[in-house]
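Have a look at the structure below before the remarks.
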2 protein chains.
Amino acid sequence: MITQRQIAERLELSLATVANILSERPGLRYAAATRERVLKTAAEMGYQPNRAAQTVRRRRSNLIGIVHFGAGIEAAHKANLALAADVCARGYDYLAVDMNWHGGSVERVIDELIQARVEGVIISHIQEVFQKEHVDMLTRVGIPVVVVNGERRSGASIICDDVYSAFQALGRHLIQLGHRRILHLWPAVDRLEENRSIGERLKGFRSAIEERGKWVSFSEEEFFTAWPDQLPATGGVMGVTVIQDMEKYSTLNKPVYSFCERLFAASPLPDAIVCTNDVSAIELIAAGLEHGVRVPADVAVTGYDNDRIGEYPAFGLTTAEQDISRICAATVAEICLRIADPHRPPRQQSFPSRLILRTSCGMALAAQSRSKATTTDTVRS
Amino acid sequence: MITQRQIAERLELSLATVANILSERPGLRYAAATRERVLKTAAEMGYQPNRAAQTVRRRRSNLIGIVHFGAGIEAAHKANLALAADVCARGYDYLAVDMNWHGGSVERVIDELIQARVEGVIISHIQEVFQKEHVDMLTRVGIPVVVVNGERRSGASIICDDVYSAFQALGRHLIQLGHRRILHLWPAVDRLEENRSIGERLKGFRSAIEERGKWVSFSEEEFFTAWPDQLPATGGVMGVTVIQDMEKYSTLNKPVYSFCERLFAASPLPDAIVCTNDVSAIELIAAGLEHGVRVPADVAVTGYDNDRIGEYPAFGLTTAEQDISRICAATVAEICLRIADPHRPPRQQSFPSRLILRTSCGMALAAQSRSKATTTDTVRS
DNA sequence: CTGAAAGCGCTTACAG
DNA sequence: CTGAAAGCGCTTACAG
């Protein structure tokens with residue numbers, strides 16, 4: 001590997017001259033000829049700066065850490081790309097750390113980030129596992145933390161999608177289309193009270209329901225005991241959140257798929273099912289295809305995230321799309337501000353998502369009778 | 001940030017003592033008490049080594065670069081996780097670089113890797129874009145390159161799945177089940193002759209067909225002109241590779257989906273369609289759902305990769321699964337050997353994939369008449 | 001068993 | 001306009 005010293009020796013210049021010219025700091029007055037020679041020779045010799053040496057000497061790495069969870073969810077993947085681009089646009093480099101690649105150990109990841117001397121950390125789309133204590137480990141050594149689409153943590157800024165309003169809008173839309181018995185599948189997680197993105201989904205759904213009817217929640221077992229006869233009587237809208245115990249499901253046992261296998265064997269079906277995201281909604285649709293339950297003819301479905309697979313007309317998934325570019329721009333702006341001013345307090349910001357109405361919600365229902373029996377044959381996806 | 005010097009001052013020891021104890025090199029004889037004090041104080045003060053300083057002083061980064069393309073394909077994602085784990089198991093750290101995150105610029109990625117002074121580079125699941133010249137840029141500065149599931153490049157080792165045998169086996173299986181007119185959808189890429197993973201798919205399919213019948217290839221336009229009447233006459237097996245011009249399709253215009261929209265409007269349908277991978281096969285199935293073409297009742301389908309979505313009984317995708325753990329272990333072993341011995345020549349190695357037979361290939365057909373008309377009603381997915 | 005010293009590749013304030 | 005020198009945080013051969 002070529003060093004600045006080697007360039008200096010070759011050109012019989014001092015190391016400082018080479019270093020100054022290569023670093024292109026403004027305000028330096030070197031002879032144009034000297035500049036040319038140095039730049040030309042550096043390129044010829046294939047000089048590449050040694051990042052580690054720069055970091056040691058400058059006492060800053062110019063690195064922003066991006067902690068993410070791989071690309072299981074398309075929207076998260078897109079967001080990560082946008083974050084990386086925005087970080088670079090501001091003159092930083094990034095160190096991307098995939099939690100999966102580290103066996104999911106947060107402590108391990110934090111040590112990596114500190115050892116790399118990152119100047120700030122963006123926590124992208126990570127829920128429970130990233131706790132306040134982890135934020136503290138970073139802030140204690142002067143590394144500010146911004147969470148994007150994750151959980152509120154004291155000491156960390158949070159920038160996120162307004163998932164409450166999105167689920168409220170999805171709920172309202174289903175009601176408006178004439179659906180009356182609406183299920184909401186909800187993945188239970190440990191500390192429910194502090195879980196923003198999952199909690200807000202529930203609150204948004206519930207608020208839409210309670211504008212027009214009654215809302216209850218059940219565990220999976222309770223639900224199958226109560227459904228459909230033991231439900232509280234209501235002439236109008238009835239919303240049921242079914243809390244799925246995620247401890248029961250490994251990732252291989254697709255929880256929504258498993259639930260639907262059981263639900264689709266029972267009768268009657270609910271009018272509509274609100275899923276946590278598009279991946280879950282596709283699980284439901286796959287279960288429906290298998291068991292002859294048609295979406296939306298037999299049951300309407302909504303997702304969240306606007307995954308590509310939902311675009312196929314065969315699925316036609318009604319969903320909502322985050323404003324990824326604004327969210328990511330705000331996130332990177334925030335981490336830069338907090339790097340620049342270590343005493344700047346963390347802030348919160350959220351951005352509305354955009355509804356994407358396709359056929360899975362049973363769009364055509366609106367114009368028709370609200371009685372399921374009479375619409376089944378005419379509504380098609 | 002805490003430095004070794006600060007620990008030394010706090011304990012009134014020399015910097016060398018602290019450094020030696022923290023580095024835990026074998027063969028050093030320090031008083032147990034001194035060791036304890038140093039370790040305890042380091043932990044208390046929250047000492048974390050400065051990686052950059054270590055890299056500068058040791059003149060090696062202990063880093064292996066992993067260049068990948070995000071996680072669009074599940075199998076590639078799994079492989080990347082396995083690579084990372086294997087790299088760590090051998091005492092290296094890794095620097096993961098997602099080509100997407102760098103806007104797809106190979107040169108930019110290579111500069112990053114060199115500036116980080118990685119000791120070796122693994123190119124994971126990247127096809128055309130990574131060329132011989134890129135391998136040369138790395139080897140010229142002493143960084144060995146191992147390609148995993150990508151293309152053969154002079155100067156780079158290659159470890160890959162035996163995709164030839166897999167497609168041969170898929171083809172044979174379809175023939176054995178009684179399918180006679182078999183389509184193979186093939187994404188055309190620039191330098192066909194040097195593209196291993198796509199080229200071997202074609203060769204494997206073709207060899208299976210030619211064992212029992214006749215093989216031809218068409219562009220998409222030629223195909224729709226010729227299908228079905230202009231095909232060469234053959235009493236038995238007829239294999240057609242349809243070369244899709246990928247320049248025509250952005251990622252948004254799903255190429256297999258678009259092709260199927262057109263194909264499913266024509267008639268008759270082929271007996272079976274061999275897709276490049278599971279993602280393509282799902283595109284086909286989605287088009288089928290939309291246009292009332294049933295898999296496998298109306299047309300059989302195979303994929304490749306064993307994506308999770310193919311597991312749903314509604315899709316029941318027949319596919320093949322790479323031996324990811326062996327491939328990745330061999331890849332990491334190879335890069336370590338080449339780092340240890342810079343003169344070691346690059347080598348090639350491939351591992352067989354495992355067929356996964358589900359329903360989409362029309363399994364039940366084998367026991368029945370080979371006439372499509374009579375089997376349609378009894379075969380179900 | 002412990003410490004003084006050199007040096008990795010770079011940056012930067014300062015002298016000439 | 002150019003160069004000599006100090007020093008970032010660490011490692012390591014060597015002296016005591």
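Just so it is clear, the structure is predicted and the values come from calculations on it, not from any experiment. First the proteins, then the strands, lettered A, B, ... as listed; each starts at 1.
Side-chain atoms of B:T17 lie closest to C:dT2 of the nucleotides C:dC8, C:dA4, C:dT2. For A:Y30, counting side-chain heavy atoms from C-beta on, the closest listed nucleotide (C:dG9, D:dC1, D:dT11) is D:dC1. Each of C:dG3, D:dG3, D:dC10 was ranked by its minimum atom distance to the side chain of B:Y47; first place goes to D:dC10. Closest to the B:Q54 side chain, of the nucleotides C:dC10, D:dT11, D:dG3, is D:dT11. Nearest to the side-chain atoms of B:S14 among the listed nucleotides D:dA4, C:dA4, C:dC10 stands C:dA4.
Residue B:Q4 places at least one side-chain N or O under 4.0 Å from the OP1 or OP2 atom of D:dT11. For the pair A:R25 and C:dT12, the criterion of a side-chain N or O lying under 4.0 Å from OP1 or OP2 is met.
One can place CG of B:L13 at 14 Å from C1' of C:dA4, the figure rounded to the nearest angstrom. Atom CZ of B:R59 is separated from atom P of D:dT12 by 12 Å (rounded to the nearest Å).
A:R29 comes within contact range of at least one nucleobase, with a heavy-atom separation under 4.0 Å. Contact annotation for A:T34: backbone-only contact, meaning every heavy-atom pair under 4.0 Å involves sugar-phosphate atoms and none involves a base. Nucleic acid contact class of B:A31 (heavy atoms, under 4.0 Å, all strands): sugar-phosphate only.
Residues B:T41 and B:R10 form a side-chain contact, since some pair of their non-hydrogen atoms from C-beta on lies under 4.5 Å apart.
Side-chain polar atoms of B:Q322 and B:N149 form a donor-acceptor pair below 3.5 angstrom.
Ionic pairing of A:D136 and A:K132 is present here: one or more N-O contacts between side-chain nitrogen and carboxylate oxygen are shorter than 4.0 angstrom. By the 4.0 Å N-to-carboxylate-O rule, A:R344 lies too far from A:D341 to be salt-bridged with it.
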